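Below is one structure, written out as structure tokens; the observations come after it.
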Protein chains: 4
Amino acid sequence: MPSPESAEPRRMRADARQNVDALLDAAKDVFAESGVDAPVRTVAERAGVGVGTLYRHFPQRSDLISAVFRREMDACVDAAVEIEAAYPPGEALDRWVMRYTQFVATKRGLSAALHSGDSAYEPLAGYFSTRLVPTLSRLLESARDAGEQIAPVSPHEFLGAVADLCHSGARSSAEASGRAERMVGLLLAGLRA
Amino acid sequence: MPSPESAEPRRMRADARQNVDALLDAAKDVFAESGVDAPVRTVAERAGVGVGTLYRHFPQRSDLISAVFRREMDACVDAAVEIEAAYPPGEALDRWVMRYTQFVATKRGLSAALHSGDSAYEPLAGYFSTRLVPTLSRLLESARDAGEQIAPVSPHEFLGAVADLCHSGARSSAEASGRAERMVGLLLAGLRA
Amino acid sequence: MPSPESAEPRRMRADARQNVDALLDAAKDVFAESGVDAPVRTVAERAGVGVGTLYRHFPQRSDLISAVFRREMDACVDAAVEIEAAYPPGEALDRWVMRYTQFVATKRGLSAALHSGDSAYEPLAGYFSTRLVPTLSRLLESARDAGEQIAPVSPHEFLGAVADLCHSGARSSAEASGRAERMVGLLLAGLRA
Amino acid sequence: MPSPESAEPRRMRADARQNVDALLDAAKDVFAESGVDAPVRTVAERAGVGVGTLYRHFPQRSDLISAVFRREMDACVDAAVEIEAAYPPGEALDRWVMRYTQFVATKRGLSAALHSGDSAYEPLAGYFSTRLVPTLSRLLESARDAGEQIAPVSPHEFLGAVADLCHSGARSSAEASGRAERMVGLLLAGLRA
DNA sequence: GATGAATGAGTCTTCATTCAT
DNA sequence: CATGAATGAAGACTCATTCAT
């Protein structure tokens, strides 16, 4: 059975593919609203499918969570390329971190999932390490190559820290995201101190 | 006819105050291990009392959480006085923030509770604002008075951010606290940038 | 240990007697408001005593219920004498039944207790049979002696039926008692049919 | 989600339909034995299903109660048609009221539910008003049209009173129903007085 | 005697997961 | 494959009753 995120989507029936997409979209919304601990049924209902269908594609709850986050991580990683092309290294670093901040801001539970130590999230953590961490590493390196003084820091830890700072609870994103951005700004400033 | 055995030292019912203390101690441990969402029964069992006793003293789950956190907040606030007496303002600031970091590090759920927006936690949030925030304000002011360049920052937000950075999940505190301290260090550095 | 309702109240300490009275008053009110299934603690609090005190005087819940109802039954029985002295037999019958109706109307649970079959209520049922039933018997007999045509009916059943008709639930006594009185009136009319 | 008692039995899975029926049968029995306050689990066990199944079909306890009573109300209403066809108006009135009496006799809690004022029972009360009350109205009217002298009475109140008179507690239905019928008979006699 | 803290069985209710249709 | 009905474990909370102070 191919993973729904497998590299061979063509082997999946068209209607199945649609269901997977609907589930991912629904899960993204539900997670943003109610966190990743939201009832599975809520996601299924939002997607307009039965819970059985959800379980078929995502046998474990963590599979769904991972899939949702992975999709967005990809978009975030892709954004780095554009940003690097458009801005000088130092500014690119800041801009991408802010882009990442915005990504995490709507991912209640991402940070918790990454840190949970639950083996079910190892694939997600691996994806994080494989995709996001190298992106930040590259940006840090470029900035240093461009002559910026940047404290030695673990990219992995730094990204985790930023994710933590976005733990805004359930409130209005307006206020929360302002707070998150200010604090991430402080973190970035600390990098140059 | 009572046999000599009948005088078995049946567990004497504990005094109310003792029970409350036992509950707070137990809750502190349980929260550190399993988070504030741990089953109420777990806390009661750990404290060696019935659930009814827990409910008598803490009718709402939030009452228990608040009480646990408040006790530790007090200790943290008290520590500030000692630190201020022993170190120059700038160093006192850093040291107290680290002391606060250690406090929060074992308080999984504190940050979530403070940010939850749940009115049940308003007393706790109020306590936070009344006790911890002024402490940091004072330390920041002293440092600025001593001539340090410190970015304008909301003490409330800053303390919230530090709490977020301590979201270490359930793993070994060794690794987690190293991470938290490094990131808080970055935040403090950012303050001086 | 003398029953709190014993005929030798002098053997009870004055403060104990006061507590019993306070409990009976409180229970009467609580039962009227919330029914006889109201939490025991509510009664104790309303009376301003500890639950332990309540249990000392009324070891079983049914003891309290019985005591409350008994007190009022006595008043109702006593009223019959006055009514009989003031009105001709036929009218006395009607008036006393209405007096009884009013008594039961505020006794949510009386009827249920009498019919429950629970042996704990046998003393209450016995009191009912010993006091109220003979009262109605006498009134019926007097009316018949006075020449009224009255259907043969079991006084016990009749009083039970009236109690049932007062089962007004928790609503405003205004509407409920109007209803109860109209239906009891029908029952009385049926007696003469 | 269609109500299990929905007027349009949308294609409910056969097994689901069976479960609903089993639950209604079980609830009917349990209510008759232990009243409508019986533990939910008891009903589920009697029906041979899990509690979750019960909650699926009857999210609120009142839903189950209402459904049980509604089913029987329907049968009672239907009986009126047959009775009217077979007997002259006056006798039909008496016979149907007795039929209704038998229905209520095994419905401990029906009267309480109707009178509770709890909004959850409004649908049930509405059903009562919509189905049973008009039935009695019609019978009363027919009897009056046939020349019988019948006191002006609210059909709603009258049916409620009969229900009250069936509050027989948990005892042997033999004795209880004899009592109920005699008292209802008295009520009917009162109607002609 | 009075008190109220402690106990824990009993209930309700939710929801992840399985599996018959 | 899709569906959603069924299951039951798990957790919250209440309250009658006991018993140490």
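In what follows, chains are A, B, ... by sequence order, proteins preceding strands, each numbered from 1. These figures come from a predicted structure and were not determined experimentally.
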To the nearest Å, give me how far apart [atom1] ([X]) and [atom2] ([N]) are.
X: D/Gln18; N: E/dT21; atom1: CD; atom2: C1'; value: 13 Å
X: D/Asp15; N: E/dT18; atom1: CG; atom2: P; value: 19 Å
X: A/Leu64; N: E/dT17; atom1: CG; atom2: C1'; value: 14 Å
X: B/Leu54; N: E/dG8; atom1: CG; atom2: P; value: 14 Å
X: B/Phe58; N: E/dA6; atom1: CZ; atom2: C1'; value: 15 Å
X: A/Leu23; N: F/dC1; atom1: CG; atom2: C1'; value: 14 Å
X: A/Arg56; N: E/dT17; atom1: CZ; atom2: P; value: 17 Å
X: B/Glu45; N: E/dG8; atom1: CD; atom2: P; value: 10 Å

Worksheet item: Does any nucleotide pair with F/dA20 by Watson-Crick or G-U wobble geometry, both distances under 3.5 Å, and what is it?
Response: E/dT3
Show each protein N/O and nucleotides 12-14 of chain E N/O combination with a separation under 3.5 Å, one pair to a line.
from, atom 1, to, atom 2, distance (Å)
E/dC12, OP1, D/Val40, N, 3.4
E/dC12, OP1, D/Arg61, NH2, 2.3
E/dC12, OP2, D/Val40, N, 2.9
E/dT13, OP2, D/Tyr55, OH, 2.9

Practice prompt. Please report the closest heavy-atom contact between D/Phe58 and D/Val20, naming both atoms and the distance.
Written response: CZ-CG1, 4.2 Å
Worksheet, complete the sentence: Heavy atoms of B/Ala38 and B/Val30 approach each other most closely as CB-CG1, 3.5 Å
Practice prompt. Output, in order, the C-alpha distance, side-chain angles, deciding distance and verdict of salt bridge (charged side-chain N to carboxylate O under 4.0 Å, His left out) for D/Asp25 and D/Arg71.
Written response: CA-CA 10 Å; D/Asp25 287 342; D/Arg71 221 173 40 153; 2.8 Å; yes
Item to complete: Counting heavy atoms from C-beta on, name the nucleotide in F/dA5, E/dA6, E/dA2 closest to the side chain of C/Thr53.
Response: E/dA2
Item to complete: Give a yes/no on whether any side-chain N or O of A/His57 is located under 4.0 angstrom from OP1 or OP2 of F/dA2.
Response: yes
Worksheet item: Taking only N and O in the side chain of A/Asn19, is any of them less than 4.0 Å away from OP1 or OP2 of F/dC1?
Response: no
Practice prompt. Could you verify whether a donor N or O on one side chain and an acceptor N or O on the other, from B/Asp74 and B/Tyr127, lie under 3.5 Å apart?
Written response: yes
Worksheet item: Backbone N or O of C/Val49 within a donor-acceptor pair of the C/Thr53 side chain at under 3.5 Å?
Response: no
Practice prompt. Please indicate whether A/Lys107 has more than 12 foreign heavy atoms, meaning atoms of other residues, nucleotides or ligands, lying under 6.0 Å from its NZ.
Written response: yes
Discussion item. If you define the side chain from C-beta out and look only at heavy atoms, does anything of A/Phe69 sit under 4.5 Å from A/Leu64?
Written reply: no
Worksheet, complete the sentence: Note: for A/Gly50 and D/Gly50 on DNA chain F, the residue whose nearest nucleotide lies more 5' is A/Gly50
